[in-house]
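See structure below.
Just so you know, these numbers come straight off a predicted model, no measurement behind them. Numbers here are sequence positions counted from 1.
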Amino acid sequence: MQLKKALLLLAAATCAFSSDAQFHYRSSARAADTVPAPVPSPDEADAVDFVLFDEEDTADADSTAEETPADTLVSLTPLPSYFFLPAVYSHYDFPDSVDLAVPDFSGEAAMRWLEDANSVAARMKRIRHRFFFGHPELTPYLASELPDAPKKYSAVVNPSDFSVDIVETVTGPADVPTVKAKEVEKRHWIRGFNVSLQFSQAYVSPNWYQGGKNNLNMLGQIYYNVKLNQEYHPNLLFETTAQYKLGMNNAPDDEVHNYNVNEDIFQVNSTFGLKAARRWYYSVSGQFKTQLLNSYKPNTDELKSGFLSPGDLTLGVGMTYNYNNPKKTFTFDANISPISYNLRICTSDRLNHESYDIRQDRTTANKFGSNVELKVYWKMSYNIYLRSRLYAFSDYNTVQTDWENTIVFEINKFLTTQLFCHARYDSSTPRVEDSKWHKLQFKEILSIGFAYKFNSL
């Protein structure tokens, strides 16, 4: 009985919006042919009326249509047939605030299909809202209480063993992805490569009031780094870095040489570790460095340094601490090797071996001691980063320390500005007379130029 009453109420609510209903809009001022009729203000409300009628009022509708301009007659699209199925309440909808003075249709033919769909959806929403919340006791079904769809089964015959299996038949679409994602390749090694060529230049005219010399400086650098991906190998630590720096400048005051080598270093650092605690590893580390080209003192052919003159090899056993912040913008590595071996090399007979703490009649010197290496990588912003390295070795009689700092400002993908500072202290180096620099040595280079880099991640 209640279901029958509910259907009667729903039919009564939709009678005004039936498939043959028409909606008339009449205004005292006729709109232009190409411009939609303006929306009347509340003061003009009595100049506007709305007429709803059914098939029974056909005669009245015809007379009204004769009085109303053709372009103001709007026919509503009938409600879809599925709307007249039993009502099922699923969720709450806020009622629309309908302004009867605003027409649903603009009169533009190109927009009619979209306005028809919007009008049907608005009518359906208003009718359902009035029915569900005006007469909740007559709502026949709730979505949360509907029973599950019945399952279908079929018999599958297996000829090999003459068995029959009853399996469920899936009636709907299978819940499986339609596009197969490409398998992500595991990267066990993370590689980084950076090459740069920096220049600085100055020109001074011969009559410049302060005097001065023309100069041209060049600094080239190749940097390569490879390390084991700890995402796949959390208990192992392996990293190797190889770099070569070459800095040259013209020598206008040198009558023997046209250029001067002010930076020449080839260096390889390697660390291998086995995890001991959270961020600590039992480790073996090694370092080798030398230069590749010969450099001379000004206005002479006296050699200052050359290939393997000097050369330095250090091996150590100890512990390594490794830290990376979650954003991968800050990295800190500390390697402490209480047991360390150092080999100094000087192969050229044109150099004083004793200046490198090597006997003059020998080419190598062996030392045992301890070394510490601290490395920091800090990405300050998206285009500025700092790379710093502090290394110290002691055989408990002498101390050798190097502190290298490089700040890179990336202007764009190929242009960079680089500031390089290198401080060095070696207690075995002879004191330099007539200079305020004795044991401590310092070098600083500011340059701008081209750069290219890539990273496997």
**Item:** Derivation and outcome, salt bridge (Lys or Arg N to Asp or Glu O under 4.0 Å), residues Asp402 and Arg424
**Value:** CA-CA 5 Å; Asp402 285 280; Arg424 176 182 173 86; 3.1 Å; yes
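- For an aromatic pair to be called close, the ring centres must be under 6.0 Å apart, and Phe133 with Tyr92 satisfies this.
- Considering all non-hydrogen atoms of both residues, His188 and Tyr232 come closest at ND1-CB, 4.2 Å.
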**Request:** Just do the salt bridge (Lys or Arg N to Asp or Glu O under 4.0 Å) check on Asp426 and Arg344 with the steps written out, would you?
**Result:** CA-CA 13 Å; Asp426 191 347; Arg344 285 192 177 184; 3.4 Å; yes
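- No side-chain N or O of Asn194 forms a donor-acceptor pair with one of Gln221 less than 3.5 Å apart.
- With sequence neighbours excluded, the residues that form a side-chain hydrogen bond (donor to acceptor under 3.5 Å, both in side chains) with Lys443 are Glu263.
- In this structure, Phe193 has its ring center no closer than 6.0 Å to that of Tyr223.
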**Request:** For side chain to side chain contact (heavy atoms under 4.5 Å, CB included), just list the numbers for Lys413 and Lys453, CA-CA rounded to whole Å, side-chain angles, deciding distance to a tenth of an Å, and then say yes or no.
**Result:** CA-CA 9 Å; Lys413 186 177 180 180; Lys453 68 177 182 178; over 6 Å; no
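- In this structure, Phe414 has its ring center at least 6.0 angstrom away from the ring center of Phe450.
- A side chain to side chain contact (heavy atoms under 4.5 Å, CB included) with Tyr391 is found for exactly one of Asn269, Leu374, Asn335, Thr314, namely Thr314.
- You'll find the ring centres of Tyr89 and Phe132 inside the 6.0 Å limit.
- A donor-acceptor pair is defined here as one N or O able to donate and one able to accept, closer than 3.5 Å; no such pair exists between the side chain of Asn158 and the backbone of Phe162.
- Residues Phe238 and Trp189 place their aromatic rings such that the two centres sit under 6.0 Å apart.
- The backbone N or O of Pro338 lies less than 3.5 Å from a partner atom in the side chain of Ser370, making a donor-acceptor pair.
- Residue Ile448 holds its CD1 atom at 3.5 Å from OG1 of Thr417, rounded to the nearest 0.5 Å.
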**Request:** Could you walk me through whether Tyr341 and Phe368 pass ring pair (Phe, Tyr, Trp, His ring centres under 6.0 Å), step by step?
**Result:** CA-CA 5 Å; Tyr341 167 75; Phe368 290 91; 5.2 Å; yes
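- Looking only at distances, no side-chain donor or acceptor of Thr401 sits under 3.5 Å from a matching main-chain atom of Phe393.
- Of the possible polar contacts, one joining the Ser340 side chain to the Leu315 backbone as a donor-acceptor pair under 3.5 Å is found.
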